[in-house]
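Here is the structure we will look at.
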Amino acid sequence: MRDNLVKHLLLSCASLSIVFLAGITVTLFKEGLPIFKEVSVFKFLFGRYWYPTYDPPDFGILPLILGSLWVTLGALFVAVPLGVGSAMYISELAHPKLREILKPMVELLASVPSVVYGFFGMVFLGPLVQRLFDLPVGLTCFTASIILGMMALPTVASIAEDAISAVPRELREASYALGAMKWETITKVVVPAASSGIIAAVILGFGRAIGETMTVLMVAGGAAVIPRSVFQPVRTMTATIAAEMGEAPMGSDHYHALFGIALVLFFITLGFNLLADKIIKG
Amino acid sequence: MKRILTALGLITSLYVGEGWTRERALTLAGSTTVLPIAQRAAEEFMNLHPDVSISVRGGGSGVGIAALIDGTVDIANSSRPIKTKELKKAREKGIKPVGTVIAKDGIAVIVHPSNPVGELSLAQIRAIYTGEINKWKEVGGESKTIVVISRDVASGTFEVFKKLALGGERVRPDALMLASNKAVATTVAKTPGAIGYIGLGYLSPEVKAVKVEGVYPSKEDVVSGEYKLARPLFMYTDGEPRGLAGEFINFILSPKGQKIVEELGFVPVK
């Protein structure tokens with residue numbers, strides 16, 4: 001009797017997330033699709049100008065899509081080497097005592113609020129980048145990538161670390177028995193054995209970075225142009241939604257266009273998550 | 001059974017008790033230009049009335065007015081008059097936004113302190129923001145590239161700047177879009193080639209305000225109308241301000257409230 005009750009209670013908890021997900025998906029489609037009555041899908045995705053509040057408006061989000069992709073790929077250049085490197089060190093090389101300190105430290109990075117990262121980027125890193133590279137302005141794709149990379153680092157590191165620790169000890173022992181050195185064992189046996197988990201870590205890191213909003217709003221500069229260099233201000237999809245949703249009157253074209261952007265973002269992250277899932281399962 | 005009754009009794013008494021001691025609450029949201037005035041006034045008002053709790057948020061004028069229409073705030077702070085579109089929306093929801101002018105503000109056009117340019121005409125400002133001019137040399141400065149900094153479209157400052165300075169023309173697409181007055185001030189202060197625009201209250205020695213059409217954005221010239229980029233600041237309520245919202249707005253219009261306005265670098269209306 002009680003077992004059954006608990007079982008049903010937990011079942012409803014689990015199905016609640018499905019309900020939420022379904023609700024979000026339905027809302028996205030319901031509010032996002034109407035924009036395609038005003039602009040064609042092609043013009044929306046490949047339009048070069050975003051002037052939603054002018055008359056006549058322009059709803060081209062190509063600069064925003066490219067802005068998001070550039071910033072996110074840049075973030076992966078930072079997060080992947082650092083994340084996988086620290087995962088390898090923590091799980092294979094670090095003294096157990098050191099591991100006890102390092103692992104929570106890396107995970108602590110994830111708990112810093114994004115607005116703090118944004119403030120740090122705006123006040124410290126931006127001006128530094130500007131002086132270092134002699135740029136007109138320091139709020140650039142490059143600056144945002146570094147900060148986002150730091151933010152995605154814990155995701156990449158902790159999932160990669162799980163994957164590496166999950167490699168059976170027998171594999172390592174067999175490798176040593178064949179006379180392999182520690183370094184050879186790590187690079188030729190452990191990492192290849194954990195590769196699907198590491199790739200999943202990279203993809204989830206990608207998802208973490210492309211969805212980040214506050215930091216890129218503060219640090220990326222916000223210029224809605226097609227990026228030609230990483231040392232140029234860019235605007236991401238998330239920053240656009242966050243900055244403009246408050247002003248867009250409900251039911252207006254601008255409002256539907258913002259949901260349209262959210263829809264594009266939804267498909268991108270969904271695609272990558274499915275990919276990560278597939279890779280993990282093999 | 002007895003236990004249940006006792007528990008019920010306890011809960012009821014707690015509920016009633018809570019009802020008796022509940023503070024009077026007021027929420028404000030909107031323009032980041034009006035934000036410092038609202039915050040300081042809220043602090044002083046709460047000191048005078050310990051039973052009142054006031055929460056003040058930013059978000060931009062559009063956000064504040066949208067929240068007023070949705071009924072989630074009591075007062076919407078706005079640095080521009082309400083738009084016809086918004087009025088229509090409000091009427092549909094049975095809300096009658098009434099604006100009270102609580103202060104006046106100039107929009108200062110700012111550059112880096114090291115920039116030798118000290119004066120711009122409205123035509124030059126428009127040419128810079130629309131992208132006709134790219135180098136400071138063209139307006140009498142150094143050969144640096146101009147870094148154009150603008151605000152997001154939820155900003156009332158942007159709306160007013162667009163109307164008064166740009167005549168409704170489009171800002172160049174590669175202009176930086178930042179989300180608050182403070183962000184613009186910080187970025188201009190750290191970027192030698194930058195130009196931006198902020199509310200007078202955000203002026204600091206870290207940035208240099210330029211003369212617009214030969215007039216420096218001083219309080220006197222904002223009041224007299226000599227300075228061209230000036231505007232009233234509003235607090236919007238549903239209907240004439242009454243109740244706690246009315247008390248709060250009256251406090252801001254009182255000599256004490258207007259002193260706060262002045263201390264923060266804005267121009268009093270009384």
Side-chain angles (χ1 to χ4, degrees), chain A residues 48-58 60 63 115 118-119 122-131 134-140 213-214 216-228 232-236 239-252 254-255 258, chain B residues 29-30 57-67 69-70 83 85-86 88-90 92-93 112 131 134-136 144-156 158-159 162 166 168-180 182-183 186-194 196:
Chain A
R48 299 164 60 99
Y49 295 104
W50 175 255
Y51 282 104
T53 57
Y54 285 79
D55 193 30
D58 267 327
V115 65
F119 190 70
M122 197 166 169
V123 174
F124 177 74
L125 192 61
L128 185 73
V129 166
Q130 188 225 329
R131 261 179 282 124
D134 195 24
L135 303 170
V137 64
L139 302 179
T140 62
T213 306
M214 196 61 201
V216 283
L217 180 60
M218 293 171 79
V219 177
V225 277
I226 292 170
R228 302 198 183 284
Q232 195 184 313
V234 294
R235 169 119 55 117
T236 66
T240 306
I241 299 173
E244 299 180 3
M245 193 49 102
E247 165 70 3
M250 253 180 98
S252 65
H254 185 195
Y255 175 86
L258 292 176
Chain B
R57 280 183 288 129
S61 302
V63 174
I65 290 173
I69 295 172
D70 286 338
K83 296 177 188 168
K85 261 192 304 191
E86 289 164 338
K88 202 177 132 227
K89 192 91 212 159
E92 281 166 19
K93 294 221 170 178
H112 193 265
N134 292 307
K135 297 271 181 203
W136 281 111
K144 280 198 182 77
T145 304
I146 304 180
V147 177
V148 176
I149 298 179
S150 187
R151 286 285 308 278
D152 56 282
V153 297
S155 152
F158 167 75
E159 287 292 330
K162 181 175 119 188
L166 307 182
E169 277 187 59
R170 291 183 170 193
V171 173
R172 55 189 298 166
D174 61 355
L176 272 76
M177 184 263 320
L178 298 178
S180 70
K182 190 77 201 159
T186 308
T187 309
V188 172
K190 298 197 180 284
T191 311

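Order of the sequence lines sets the chain letters (A, B, ...), proteins ahead of strands, with each chain counted from 1. As the structure is a prediction and not an experimental result, all values here were calculated from the model.
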* **Winner by heavy-atom pair count (cut-off under 4.5 Å) against chain A, out of B/K162, B/K85, B/R170, B/R151** => B/R170
* What residue in B/T186, B/I146, B/V171 has the most heavy-atom pairs under 4.5 Å with chain A? -> B/V171
* Checking B/H112 side chain against B/A189 main chain: does a donor-acceptor pair fall under 3.5 Å? -> yes
* Do NZ/NE/NH1/NH2 and the carboxylate oxygens of A/R48 and A/D58 come within less than 4.0 Å? -> no
* Crowded around A/F119 CZ? As in, over 12 foreign heavy atoms under 6.0 Å? -> no
* More than 12 foreign heavy atoms under 6.0 Å from CZ of B/R57: is that the case here? -> no
Under 4.5 Å heavy-atom distance to chain A, tell me which part of [X] shows up: side chain, backbone, both or neither.
X: B/K89; value: side chain
X: B/K144; value: neither
X: B/S150; value: neither

* To do: Not counting sequence neighbours, which residues clear side-chain contact (heavy atoms from CB on, under 4.5 Å) with B/R172? List them please.
  => B/N134, B/V148, B/D174, B/A175
* To do: Identify which part of A/V123 has an atom lying under 4.5 Å from any heavy atom of chain B, answering side chain, backbone, both or neither.
  => both
* Sort A/P233 into side chain, backbone, both or neither according to what part of it lies under 4.5 angstrom from a heavy atom of chain B. => side chain
* To do: Output all residues satisfying ring pair (Phe, Tyr, Trp, His ring centres under 6.0 Å) with A/Y49, sequence neighbours left out; order by chain, then residue number.
  => none
